[in-house]
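Here the structure is a predicted model, which means the values were calculated and not measured. Numbers restart at 1 for each chain; the letters A, B, ... are given by sequence-line order, proteins then strands. Heavy atoms only: backbone and side chains are in, while hydrogens, waters and symmetry mates are out.
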Protein chains: 2
Amino acid sequence: MKISIIEDHTEFRHSLEFIIGSFSDFQLMSSVGSVEAYLQQPADAEVLLLDINLPGMSGLDALPLLKKRFPGLKVIMLTILDDDQHIMTAICRGADGYILKKSQPQKILDAVQQVYEGGAALTPLVARQVLAFFHKPVTHSPSQQEALTARELEILALITNGVNTEKIAANLFISPQTVRNHIKNIYAKLQVHSRAQAVSKALRENIV
Amino acid sequence: MKISIIEDHTEFRHSLEFIIGSFSDFQLMSSVGSVEAYLQQPADAEVLLLDINLPGMSGLDALPLLKKRFPGLKVIMLTILDDDQHIMTAICRGADGYILKKSQPQKILDAVQQVYEGGAALTPLVARQVLAFFHKPVTHSPSQQEALTARELEILALITNGVNTEKIAANLFISPQTVRNHIKNIYAKLQVHSRAQAVSKALRENIV
DNA sequence: CCGAAAATGACCCAAACAGGCTATTGTCCG
DNA sequence: CGGACAATAGCCTGTTTGGGTCATTTTCGG
């Protein structure tokens with residue numbers, strides 16, 4: 001298993017090198033202090049430990065670039081912060097893992113092993129924040145506003161796909177006027193006043 | 001740490017009981033074979049191991065119900081399948097963990113510990129599938145269509161919030177007519193023909 | 001079996017919108 | 001300097017939408 005490291009903090013980098021060097025399963029290919037240095041002599045690593053806070057190009061900015069240049073490379077973000085925004089940015093840009101520097105060495109080795117085997121490595125607290133993105137909207141939405149009926153949900157779904165009144169009516173085999181009435185009721189329940197607002201609310205609050 | 005189990009497969013349930021009983025940190029409150037049985041004599045557990053495939057009400061359907069009735073209860077889904085759809089459903093309904101039955105006993109204990117400490121417990125392969133939901137859309141979207149200008153993005157964002165032409169104009173200190181023109185250009189680039197479609201595309205492809 | 005809620009349908013009207021065309025100004029790049 | 005593009009602005013026309021009010025039928029739970 002070929003591993004590279006990009007981490008500017010010399011002391012911590014040496015620790016990582018030591019940990020990885022302790023196991024014969026792991027082969028350290030490259031260990032540098034910046035993305036720029038890494039790109040000058042790229043190693044064909046399989047797993048990359050990438051710091052977020054780096055001098056020059058940040059780890060977050062390097063992520064999509066590295067993923068594009070080395071397809072198949074698994075990248076684990078290493079960071080001191082478990083900042084919500086950083087986590088989501090990293091994940092959206094293709095990170096395969098996100099672990100905190102304060103983690104025990106064994107956890108870091110586990111993470112490398114996990115991503116090598118095709119999994120993703122998240123510390124439990126990071127995983128919690130990721131999951132929050134899914135069930136936050138769902139839990140807070142059904143509370144406030146009135147519930148939509150099945151028919152209304154059906155029509156809202158079509159509106160959300162940009163279908164106009166005429167086509168919705170044709171689709172559901174009902175009169176356009178009836179569609180209009182349903183839409184009025186939907187607006188009242190969602191407390192919106194236009195299709196654009198309805199679509200926005202429907203998508204953001206996972207009503208569809 | 002108070003733990004309950006809902007699992008219909010008797011043999012596996014007994015294994016779980018045994019594993020949990022082996023540690024003095026854990027206190028087994030209740031161990032039953034169905035959601036219905038659990039609701040009849042609810043225990044004030046802190047962590048619940050919940051099977052997905054259950055006779056009667058499924059674990060997925062019970063999830064929101066249990067979460068509502070016992071706020072603060074952490075639920076770990078236990079299942080044989082790592083089916084994509086089940087995972088996402090469970091997460092959207094508030095699961096705090098999702099682990100496979102074939103996991104080593106130690107992993108299950110770790111998961112309980114992790115959710116108890118406020119984290120989320122996902123096996124690496126499940127985590128991979130969750131992450132895929134984030135970086136899939138981002139990678140495929142910026143390809144096809146033409147890029148929007150800064151002004152167009154600004155206006156698209158306002159449209160996405162349901163603001164009408166008049167208000168957008170007032171907001172940006174430009175003429176409503178100019179806003180109309182920008183919107184026409186946005187429509188052309190996004191290949192849509194209405195605000196609703198534009199909002200839908202903007203939100204679904206993370207353009208805003 | 002009755003009443004509430006949902007689904008269906010209609011009319012009107014003012015406002016908003018979509019699409020077509022033209023035009024001026026500014027900026028940036030080759 | 002000249003062309004490309006973005007941002008600004010106007011006009012016209014037909015369509016769609018949002019809001020108001022009313023009425024009939026169906027469905028479902030008490």
Side-chain angles (χ1 to χ4, degrees), chain A residues 141-205 207-208, chain B residues 36 39 57 61 65 68 141-205 207-208:
Chain A
S141 65
S143 51
Q144 304 287 339
Q145 77 230 349
E146 296 181 66
L148 298 182
T149 68
R151 198 54 153 175
E152 286 163 357
L153 280 175
E154 201 175 358
I155 288 175
L156 179 57
L158 288 168
I159 287 181
T160 301
N161 287 325
V163 186
N164 67 15
T165 304
E166 212 65 39
K167 298 250 174 66
I168 294 176
N171 215 295
L172 302 180
F173 303 105
I174 56 179
S175 144
Q177 186 51 51
T178 303
V179 176
R180 272 192 270 280
N181 286 331
H182 283 302
I183 293 176
K184 286 176 196 175
N185 294 331
I186 293 170
Y187 286 180
K189 289 182 181 177
L190 298 188
Q191 296 179 295
V192 299
H193 305 280
S194 75
R195 286 161 122 82
Q197 288 180 340
V199 171
S200 177
K201 193 148 192 167
L203 288 178
R204 287 185 169 149
E205 304 193 3
I207 298 175
V208 290
Chain B
E36 290 80 357
L39 289 176
M57 178 180 276
D61 291 335
L65 198 148
K68 190 173 178 186
S141 67
S143 51
Q144 303 287 338
Q145 77 231 349
E146 295 181 66
L148 298 183
T149 68
R151 198 53 151 176
E152 285 164 357
L153 279 175
E154 201 175 358
I155 289 175
L156 180 56
L158 289 168
I159 286 180
T160 300
N161 286 326
V163 185
N164 67 15
T165 305
E166 211 66 41
K167 298 249 173 68
I168 294 175
N171 216 294
L172 302 180
F173 303 106
I174 57 179
S175 146
Q177 186 51 52
T178 303
V179 176
R180 275 191 273 277
N181 287 329
H182 283 302
I183 293 176
K184 287 176 197 176
N185 294 331
I186 293 171
Y187 285 1
K189 288 183 181 176
L190 297 187
Q191 296 178 293
V192 298
H193 304 280
S194 74
R195 287 159 120 84
Q197 287 179 340
V199 171
S200 177
K201 194 147 191 169
L203 288 178
R204 288 187 168 147
E205 303 193 3
I207 298 176
V208 290

**Message:** Expressed as a whole number of angstroms, how long is the span from B:Leu190:CG to C:dA18:P?
**Reply:** 13 Å
**Which atom of A:Ser175 lies closest to which atom of A:Ala169, heavy atoms considered** = C-CB, 3.9 Å
**Request:** Output yes when at least one side-chain N/O atom of B:Ser194 is less than 4.0 Å from OP1 or OP2 of D:dT16, else no.
**Result:** no
**Request:** Rounded to the nearest angstrom, tell me the gap between atom CD in A:Glu166 and atom C1' in D:dG14.
**Result:** 14 Å
**Asked** When you check the phosphate oxygens OP1 and OP2 of D:dG18, does a side-chain N or O of A:Tyr187 lie under 4.0 Å from one of them?
**Response** yes
**Message:** Nearest whole Å is fine: how far is C:dA7 P from A:Glu154 CD?
**Reply:** 9 Å
**Item:** Polar side chain donor-acceptor pair, B:Thr165 to B:Arg195, under 3.5 angstrom
**Value:** yes
**Message:** If the cut-off is 4.0 Å, is B:Thr149 near the phosphate of D:dC5, judged by side-chain N/O to OP1 or OP2?
**Reply:** no
**Request:** Would you kindly give the CD1-to-C1' distance between B:Ile159 and C:dA16, to the nearest whole Å?
**Result:** 13 Å
**Request:** Provide, to the nearest angstrom, the distance between the CG atom belonging to A:Asn164 and the C1' atom belonging to C:dC17.
**Result:** 13 Å
**Message:** Would you compute the distance between atom CD of A:Glu152 and atom CG of A:Asn185 and round it to the nearest 0.5 angstrom?
**Reply:** 5.5 Å
**Message:** Are there over 12 heavy-atom neighbours, none belonging to A:Glu166, within less than 6.0 Å of that residue's CD?
**Reply:** no
**Asked** Can you name the closest pair of heavy atoms from B:Tyr187 and B:Ser194 and give their distance?
**Response** OH-C, 3.3 Å
**Asked** Among C:dG19, D:dT17, C:dA18, which nucleotide sits nearest the side chain of B:Lys184?
**Response** C:dG19
**Asked** Looking only at side-chain N and O atoms, does B:Arg195 come under 4.0 Å of OP1 or OP2 in D:dT16?
**Response** no
**Asked** Can you tell me how far C1' of C:dC17 sits from NZ of B:Lys167, to the nearest Å?
**Response** 15 Å
**Prompt:** Atom NE2 of B:His193 and atom P of D:dT15: how far apart are they, to the nearest Å?
**Reply:** 17 Å
**Prompt:** Do you know which two heavy atoms are closest between A:Gln197 and B:Asn161, and how far apart they sit?
**Reply:** CG-O, 4.2 Å
**Fill in**
Between CD1 of B:Ile186 and C1' of C:dG19 the distance, given in whole Å, is 15 Å
**Prompt:** Can you check side-chain contact (heavy atoms from CB on, under 4.5 Å) on B:Arg204 and A:Thr160, steps first, answer last?
**Reply:** CA-CA 10 Å; B:Arg204 288 187 168 147; A:Thr160 301; 3.6 Å; yes
**A:Thr165 side chain near D:dT17 phosphate (N/O to OP1/OP2, under 4.0 Å)** = yes
**Message:** Does anything in residues 170-183 of chain A come within less than 4.0 Å of DNA chain C? Heavy atoms only, and list the residues if so.
**Reply:** A:Ile174, A:Ser175, A:Gln177, A:Thr178, A:Asn181, A:His182
**Item:** Which atom of A:Val199 lies closest to which atom of B:Leu203, heavy atoms considered
**Value:** O-CD1, 4.4 Å
**Asked** Between the two end axes of the helix from C:dC1-D:dG30 to C:dG30-D:dC1, each built from 5 base pairs, what angle do you get to the nearest 10°?
**Response** 60°
**Message:** Quick check: closest heavy atoms across A:Ile186 and A:Leu148, and the distance to 0.1 Å?
**Reply:** CA-CD2, 4.4 Å
